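Report on the structure given below.
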2 protein chains.
Amino acid sequence: MMENEIFRALADPTRRSIFEKLAAGGMNASSLRDGMEISQPAMSQHLSVLRKAGLVREERQGRFVNYEVDPDGLLLIARWLGKYRAYWPARIDALKILLKDMEP
Amino acid sequence: MMENEIFRALADPTRRSIFEKLAAGGMNASSLRDGMEISQPAMSQHLSVLRKAGLVREERQGRFVNYEVDPDGLLLIARWLGKYRAYWPARIDALKILLKDMEP
DNA sequence: GAATCACATAAGCCTATGCTTATGTATTCT
DNA sequence: AGAATACATAAGCATAGGCTTATGTGATTC
């Protein structure tokens with residue numbers, strides 16, 4: 001799981017939508033498609049990209065595969081953001097406090 | 001400046017390198033190229049993408065153009081990350097405290 | 001004011017990427 | 001066992017994205 005894969009995964013708006021949907025609660029690939037106008041293979045491919053980036057993880061349940069947000073990916077983004085804390089605007093200045101714990 | 005432009009800008013490793021270099025201190029486009037094996041037009045194009053994404057801002061100084069990190073872009077990422085605070089791993093749990101201030 | 005410098009833009013090429021249709025692979029149901 | 005369901009993978013296509021070479025533009029220097 002690399003920084004590069006994460007940002008490339010999030011560069012696609014459809015994938016960010018999928019991720020956002022999963023953040024509201026884990027679900028299987030079919031449920032994810034509901035109301036999304038996306039083909040089954042396209043969804044499968046997007047989930048694969050998200051999974052390889054560490055943003056999402058899967059768990060087989062019978063013939064369904066349940067997907068959920070993987071905190072590991074979010075941690076990497078937080079770390080990336082942390083590198084630039086010197087430039088954070090004042091509104092998130094408080095973040096500085098916790099950054100000590102975030103350093104690799 | 002949109003969320004989409006930000007993530008797409010950061011999806012390219014060269015652009016993340018440029019951004020990281022700028023985070024160490026503002027400088028002009030030529031200085032940015034030093035030790036980077038990148039053509040002048042390529043650098044100019046990357047800077048344009050970063051600027052349109054709100055990650056970088058420019059200031060003309062004579063015939064040089066000085067670039068520096070734009071905190072606005074970072075704020076957007078922080079906001080995006082904030083949406084998923086429920087999934088942040090324990091190590092950045094402290095972030096929750098400040099999130100009240102980050103909400104739009 | 002002509003040459004030079006710093007940078008931006010244009011046009012074209014090549015690869016990456018997201019989609020489609022078709023097919024493969026588990027798992028469940030009858 | 002056979003059909004159906006849920007999903008993954010393969011192959012092909014069309015567009016997007018990053019690079020290159022060439023040229024344009026604004027500022028400085030001689």
Side-chain angles (χ1 to χ4, degrees), chain A residues 1-22 25-70 73, chain B residues 1-22 24-70 73 77:
Chain A
M1 175 182 93
M2 286 172 46
E3 190 176 272
N4 197 45
E5 291 175 293
I6 299 224
F7 281 113
R8 298 192 345 103
L10 292 174
D12 183 71
T14 304
R15 267 183 315 254
R16 287 200 307 279
S17 294
I18 293 168
F19 184 83
E20 187 158 4
K21 211 164 178 180
L22 280 178
M27 67 181 86
N28 58 57
S30 296
S31 305
L32 274 170
R33 286 183 61 206
D34 292 350
M36 271 206 73
E37 258 181 72
I38 185 175
S39 71
Q40 181 269 315
M43 174 59 78
S44 186
Q45 287 159 18
H46 281 309
L47 287 170
S48 174
V49 172
L50 288 169
R51 196 181 50 73
K52 283 168 186 163
L55 285 161
V56 146
R57 59 189 175 199
E58 63 181 52
E59 185 186 359
R60 207 166 237 271
Q61 281 176 357
R63 62 183 159 179
F64 296 81
V65 177
N66 201 273
Y67 285 89
E68 61 183 7
V69 168
D70 185 345
Chain B
M1 175 181 92
M2 285 172 49
E3 191 176 271
N4 196 46
E5 291 174 292
I6 299 224
F7 281 113
R8 297 188 354 96
L10 293 174
D12 182 71
T14 304
R15 268 185 311 257
R16 287 201 306 280
S17 294
I18 293 169
F19 184 82
E20 187 158 2
K21 210 164 180 181
L22 280 177
M27 68 182 85
N28 58 57
S30 297
S31 305
L32 275 170
R33 288 183 61 205
D34 292 350
M36 273 206 72
E37 258 181 72
I38 184 175
S39 72
Q40 180 268 315
M43 175 59 78
S44 185
Q45 286 160 19
H46 280 310
L47 287 169
S48 174
V49 172
L50 288 168
R51 196 180 52 73
K52 282 168 186 162
L55 285 162
V56 146
R57 60 189 175 199
E58 63 181 53
E59 184 186 0
R60 200 156 244 273
Q61 281 175 356
R63 63 184 157 178
F64 295 80
V65 177
N66 202 274
Y67 284 91
E68 60 182 8
V69 168
D70 186 344
I77 300 177

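This one's a predicted model, so the numbers in the text were calculated from it and none came from an experiment. Numbered from 1 within each chain, the chains take letters A, B, ... in sequence-line order.
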| Whole-Å distance between D:dA8 P and A:Leu50 CG? | 12 Å

| Closer than 4.0 Å, any side-chain N/O of A:Ser39 to the OP1 or OP2 of C:dT20? | yes

| query | Want to settle it: does A:Pro41 or A:Gln61 sit nearer the 5' end of DNA chain C, counting the closest nucleotide to each? | reply | A:Pro41

| Nearest to the side chain of A:Gln45 - D:dT20, D:dA11, C:dC5? | D:dA11

| query | Can you check whether A:Ala9's main-chain N or O pairs, donor with acceptor, with A:Arg15's side chain at less than 3.5 Å? | reply | yes

| said: Can you see if the side chain of A:Tyr67 gets near the phosphate of D:dA8 - specifically, an N or O under 4.0 Å from OP1 or OP2? | reply: yes

| query | Does the A:Arg16 side chain pair with the main chain of A:Leu10, one donor and one acceptor, at a distance under 3.5 Å? | reply | yes

| Interatomic distance where NE2 belongs to B:His46 and C1' belongs to C:dC7 [whole Å] | 15 Å

| note | Between A:Ser31 and B:Glu37, whichever has its closest DNA chain D nucleotide further toward 5' is A:Ser31

| message | Looking at A:Gln61, I'd like to know if its CD atom is crowded, meaning that more than 12 non-hydrogen atoms belonging to other residues, nucleotides or ligands lie closer than 6.0 Å. | response | yes

| task | Taking only the side-chain heavy atoms of B:Glu58 (C-beta and beyond), determine which of C:dA8, C:dT28, C:dC7 contains the nearest atom. | result | C:dA8

| task | Ignoring hydrogens and angles, answer whether the base of C:dA8 and the side-chain atoms of B:Gln40 contain a donor-acceptor pair closer than 3.5 Å. | result | yes

| field | Nearest-nucleotide pick for B:Ser30, side chain only, options being C:dA6, D:dT9, C:dC19 | value | C:dA6

| task | Starting from the C-alpha separation in whole Å, work towards a yes-or-no answer on side chain to side chain contact (heavy atoms under 4.5 Å, CB included) for A:His46 and A:Ile38. | result | CA-CA 10 Å; A:His46 281 309; A:Ile38 185 175; 3.6 Å; yes

| message | Looking only at the side chain of A:Arg63 (C-beta and beyond, no hydrogens), which of the listed nucleotides C:dT28, C:dC7, C:dT20 gets closest? | response | C:dT28

| request: Using a cut-off of strictly less than 4.0 Å, decide whether B:Arg15 has a side-chain nitrogen or oxygen near OP1 or OP2 of D:dG18. | output: yes

| task | Check every atom of C:dG18, C:dC7, D:dA27 against the side chain of B:Asn28 and return the nucleotide holding the closest atom. | result | C:dC7

